[in-house]
2 protein chains.
Amino acid sequence: MSSDAEQAPIFANRPVTLREVAAAAGVSVATASKALNGQGRMTAETRERIRETARHLGFRPNSLAQSLLRKRSFTVGLLTNDTYGRFSLPLMAGVSDALVDNGVSVFLCNVEDDQRLGQLHVEAMLDKRVDGIIATGKRIDRHLPVDLANLRIPVVYAFTQPDPGAIGFVSDDVGGARLAVEHFCRLGRRRIAHVSGPASFAVVHARAQAYRDVLAEHGLPAFEPLLGPWSEGWGHDAVARLFGGGGEPPDAIFCGNDQIARGVIDALRERGISVPDDVGVIGFDNWEIVAEATRPPLTSIDMNLASLGREAGLALLSLVGGQPAAPGIRKLPCRLVVRQSCGRPPGG
Amino acid sequence: MSSDAEQAPIFANRPVTLREVAAAAGVSVATASKALNGQGRMTAETRERIRETARHLGFRPNSLAQSLLRKRSFTVGLLTNDTYGRFSLPLMAGVSDALVDNGVSVFLCNVEDDQRLGQLHVEAMLDKRVDGIIATGKRIDRHLPVDLANLRIPVVYAFTQPDPGAIGFVSDDVGGARLAVEHFCRLGRRRIAHVSGPASFAVVHARAQAYRDVLAEHGLPAFEPLLGPWSEGWGHDAVARLFGGGGEPPDAIFCGNDQIARGVIDALRERGISVPDDVGVIGFDNWEIVAEATRPPLTSIDMNLASLGREAGLALLSLVGGQPAAPGIRKLPCRLVVRQSCGRPPGG
DNA sequence: AACGACTGGGAAAAGGTTTTCTCAGATAGG
DNA sequence: CCTATCTGAGAAAACCTTTTCCCAGTCGTT
């Protein structure tokens, strides 16, 4: 019965409806709706009075009712099989960032590699009338374990293999690899090696080819790319191969991911080889938690996943809005993040 | 005009409504609804005929319409400020796992540490009539930058500081630390040191106290806990302090997280000190990507975040269902994951 | 004075489902 | 044969908002 009790109940009970706002303002619900949405014709005073009443009552329109009518729920689903979120999370951040300002919320669904789970999540999303779906994964060259081809709502693929005829956003791995190798060339490195992941990954081939191309363009010799698991351990082993055999060792190593790069750097240090003085190292992914912990900190290629997510979110939004868009894969540029493992230019 | 064209249109156009099912089955929508939900009274044949019709037409009820009526949306919001998802993601996996079987979907909202963004997301969730909210963060002893206290929907806190009077789930850090130190005692280590994070974290104190308690219980000397950043670099420095000074060095080190532990292990190896023969090391968090990359692989304390998520999800569900629950903080046990960095029992 | 155009605002349908009532017919009991 | 009970099913309200008409009054024009 204090003054608190006078104000609180307005919010403490069930949400305020438009009907209540209309009653309080002495108009019909139709007028109230139009006043709040800037539609219809009425005197400025009436409109303002209704708005003021709504504000005072703490009115917030019921999204469910709006969605039912508008056939638009302002929600989208994000499907992923990237359990640890290495790639999905930055991507999700970008998506969310692009959508939240449009009042769109995101259902996150981790389907692992489980068909049944995928089916379950997709059906749940469909039942909830999501406006669209963004599919993302941990590998650019694999499909999610779920069929999104004939869904009657728009689907955008990001960092995963799109269905034919669909829209997909991926990082430009070739461009990223070129960035790294060209940087080494610019720094005056002459014997550049490449240590990467398993041959079963499409990106491994794309990057290796870019590596060879750039070296050829600069008239430099190419090492045979060393392929193995995406692990620190493999980085170690690769160094043993590069420096243990008889051949002339490299003065730079471009690694397929940051974990390999970390293994390489550790192995070089254990051999008394200085990074970056004797050998420069560049990684891929720019996983800060790894790149900043190596000694010295790791120069790496960033795939701009947040931008990728933004683009995907925006593309989905315009698709939902009815704008047609050409199917196909859009490659977004990578970015070189220079730290200390690659060395400085000759004159620097 | 092919036989495909005969079947496809049923699914290709707008979703099938209950009205259409009812018409096709020759009953009223009321009867159709009751048939599908197992409500009302009718002959078994009628019920089955309606169900068969619904199945054949691919009917799926419109969640929006159901939610509007039932005042229950079968969605919950997950709020986090843990950008990289270190802690949120396993937790989210647990939440999602607990809820998906109940048809509940999860809105993931990353609010960073931004008040405005937090407000925005919470309002969006409220507008969409989420049934409840799970708040989670990257620190057990901090609040999210958003007030969830008087929300008229249930809120459960997981791995973040709950509001007074609310329900929270956290890991039992004291128990976890005891697990680690007791394991060292069991292995016959006598001089156990503790290297942990910044004093500003509550868990640092809790774990340090547990460390001291266990040593006291075993009549062993305690080192003064070494506090610093949660980084590999600090692990290195701490080793320099423990082994560089005059005092008798430890034969075991309990680290506050896995990154520190990794720095410790690397530093020990550089000094020619064998892990686990000369010094055992145990970490905290069981972050597999780190724990499995150290040489030797790191024994660590796992906080069972997925279970924490499951519990939080289930608790929220029962709250939403109207079951009352006592407020307070529930501590869930940690788990010791033995790898190779801690050594084996004397006789083993 | 009569007509048209405009103005401010309301009534009602629509969106898809659930649930409460109601009701006609069938069965059983006296 | 007449009433009480039960059975199967439908009509309609409800959830909350948006939008399309529609209407009554006012103003200006001839």
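Residue numbers start from 1 in every chain, and the chains themselves are labelled A, B, ... in the order their sequence lines are given, proteins ahead of strands.
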Would you indicate, yes or no, if [N] has its OP1 or OP2 atom less than 4.0 angstrom from a side-chain nitrogen or oxygen of [X]?
X: A:Lys71; N: C:dG16; answer: yes
X: B:Thr17; N: C:dG16; answer: no
X: A:Asn62; N: D:dC15; answer: no
X: B:Thr46; N: D:dG8; answer: no
X: A:Gln66; N: D:dT18; answer: yes
X: A:Ser28; N: C:dG10; answer: yes

Could you check how far [atom1] of [X] sits from [atom2] of [N], rounded to whole Å?
X: A:Leu69; N: D:dC15; atom1: CG; atom2: C1'; answer: 13 Å
X: B:Arg19; N: C:dT18; atom1: CZ; atom2: C1'; answer: 14 Å
X: B:Met42; N: D:dC6; atom1: CE; atom2: C1'; answer: 16 Å
X: A:Arg70; N: D:dC16; atom1: CZ; atom2: C1'; answer: 12 Å
X: A:Glu45; N: C:dG8; atom1: CD; atom2: P; answer: 10 Å
X: A:Phe74; N: D:dT18; atom1: CZ; atom2: P; answer: 11 Å
X: A:Leu36; N: C:dG9; atom1: CG; atom2: P; answer: 14 Å
X: B:Leu68; N: C:dA14; atom1: CG; atom2: P; answer: 17 Å

Among C:dG8, D:dT17, C:dG10, which is the nearest nucleotide to the side chain of A:Leu18?
D:dT17

Under a plain distance cut-off of 3.5 Å, with no hydrogens placed, do A:Gln119 and A:Glu123 share a side-chain donor-acceptor pair?
yes

When you compare the side chains of B:Ser73 and B:Lys128, does any donor N or O come within less than 3.5 Å of an acceptor on the partner?
no

Is there a donor and acceptor pair, one atom on the side chain of B:Arg41 and one on the base of D:dG8, closer than 3.5 Å?
yes

With a 3.5 Å cut-off and just heavy-atom distances, do the side chain of A:Lys34 and the base of C:dG8 make a donor-acceptor pair?
no

Apply side-chain contact (heavy atoms from CB on, under 4.5 Å) to the pair A:Ile153 and A:Asp131, showing each step before the final yes or no.
CA-CA 6 Å; A:Ile153 56 173; A:Asp131 295 331; over 6 Å; no

Please tell me if the side chains of B:Asp101 and A:Leu120 come closer than 4.5 Å, counting only heavy atoms from C-beta onward.
yes

Any side-chain heavy atom of A:Phe159 within less than 4.5 Å of one from A:Ser171?
yes

Tell me which of A:Arg129 and A:Arg47 sits closer to the 5' end of DNA chain C, going by the nucleotide each one is nearest to.
A:Arg47

Using a heavy-atom cut-off of under 4.0 Å over every strand shown, decide if B:Ser67 touches base, sugar-phosphate, or nothing.
nothing

Across the strands shown, which category fits B:Ser33 at heavy-atom distances under 4.0 angstrom: base, sugar-phosphate, nothing?
base

Of B:Val27 and A:Arg60, the one whose nearest nucleotide on DNA chain D sits closer to the 5' end is B:Val27

Applying side chain to side chain donor-acceptor pair (under 3.5 Å) to B:Ser88 and B:Asp82, what does each step give before you reach the verdict?
CA-CA 6 Å; B:Ser88 318; B:Asp82 175 18; 3.0 Å; yes

